[in-house]
Amino acid sequence: MATINYNPKDILQKEFRQKMRGYDPADVDSFLDNVIKDYEAFTKENQHLQDENERLRAKVDELTKQLSVGGTTTAQPSQPATNVTNMDILKRLSNLERHVFGSQIDSGANTSHRL
């Protein structure tokens, strides 16, 4: 990450030495005022993007956990949750039972056929 040398307050409080044939202080002040405004805007935008990045990373972590626990989902991310049908829920439940109970279901099915 890049190192930031100045914050808006540093720019605002910067004092320049005056010389006989130096720059016009009003022009320098006006320019620095615009630099400060831009710097504040960039700082706010950067913070907004960092917050959004953190939120999206948390969402990715949450979705990754859901996938690892529940297997693959049949609903598309762009579809609202209300479009999930009973068949989708039954498939997911069946996959979850197979994952959790595994061989117990298979061996139980074999013994019930023998009776």
Side-chain angles (χ1 to χ4, degrees):
M1 185 180 255
T3 302
I4 298 176
N5 295 315
Y6 303 106
N7 63 38
K9 186 177 177 182
D10 294 334
I11 297 169
L12 178 65
Q13 294 177 347
K14 175 67 176 160
E15 294 288 329
F16 294 95
R17 295 182 301 245
Q18 292 186 359
K19 290 191 174 185
M20 185 82 133
R21 294 181 159 222
Y23 295 105
D24 179 11
D27 284 344
V28 172
D29 287 344
S30 174
F31 178 77
L32 288 177
D33 287 344
N34 290 330
V35 169
I36 290 168
K37 289 177 187 174
D38 286 349
Y39 211 84
E40 287 174 338
F42 287 126
T43 301
K44 286 178 184 176
E45 179 67 14
N46 188 25
Q47 184 61 50
H48 169 73
L49 292 173
Q50 286 177 353
D51 293 344
E52 183 178 7
N53 190 22
E54 186 176 323
R55 181 186 64 79
L56 292 173
R57 285 178 189 258
K59 183 69 172 175
V60 166
D61 289 344
E62 177 187 331
L63 292 173
T64 302
K65 287 177 185 174
Q66 286 178 4
L67 278 176
S68 66
V69 169
T72 59
T73 60
T74 57
Q76 296 295 324
S78 61
Q79 292 178 334
T82 57
N83 285 346
V84 177
T85 64
N86 286 341
M87 187 58 118
D88 293 330
I89 294 171
L90 290 173
K91 285 179 185 177
R92 291 173 71 183
L93 182 58
S94 176
N95 287 337
L96 181 59
E97 287 176 341
R98 263 191 241 118
H99 179 73
V100 172
F101 298 108
S103 62
Q104 293 175 356
I105 292 174
D106 293 337
S107 64
N110 291 338
T111 55
S112 65
H113 288 296
R114 292 180 190 165
L115 294 176

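Remember, predicted model here, so these are calculated numbers, not experimental data.
- Between the side chains of R98 and N95, at least one donor N or O sits under 3.5 Å from an acceptor N or O.
- Scored by the side chain to side chain contact (heavy atoms under 4.5 Å, CB included) test, D24 finds A26, D27 as partners (sequence neighbours excluded).
- Judged by distance alone, with hydrogens and angles left aside, the side-chain atoms of D10 form a donor-acceptor pair with the main-chain N or O of N7 at under 3.5 Å.
- The line from CD of E52 to NZ of K59 is 13.5 Å long, rounded to the nearest 0.5 Å.
- Clustering ILVMFWY residues whenever any of their side-chain heavy atoms sit less than 4.5 angstrom apart, transitively, puts Y23 in the very cluster that holds F16.
- The environment of N53 atom CG is dense: over 12 non-hydrogen atoms of other residues, nucleotides or ligands sit within 6.0 angstrom.
- Scored by the side chain to side chain contact (heavy atoms under 4.5 Å, CB included) test, K65 finds no partners at all (sequence neighbours excluded).
- Remark: side-chain polar atoms of T64 are paired, donor with acceptor, to backbone N or O of V60 under 3.5 angstrom.
- Not counting sequence neighbours, the partners of I11 by the side chain to side chain contact (heavy atoms under 4.5 Å, CB included) test are Y6, L32, V35, I36, Y39.
- No side-chain heavy atom of D51 sits under 4.5 Å from any side-chain heavy atom of R55.
- In this structure, CD on E97 lies 9.5 Å from CG on L90, to the nearest 0.5 angstrom.
- Atom-to-atom distance recorded for L49:CG and L56:CG is 10.5 Å, nearest 0.5 angstrom.
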Practice prompt. Could you walk me through whether T43 and Q47 pass side chain to side chain contact (heavy atoms under 4.5 Å, CB included), step by step?
Written response: CA-CA 6 Å; T43 301; Q47 184 61 50; 5.7 Å; no
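- Separating the CG atom in L63 from the OG atom in S68 is a distance of 11.0 Å, to the nearest 0.5 Å.
- The local environment of CD in E62 is crowded, with over 12 non-hydrogen atoms from other residues, nucleotides or ligands closer than 6.0 Å.
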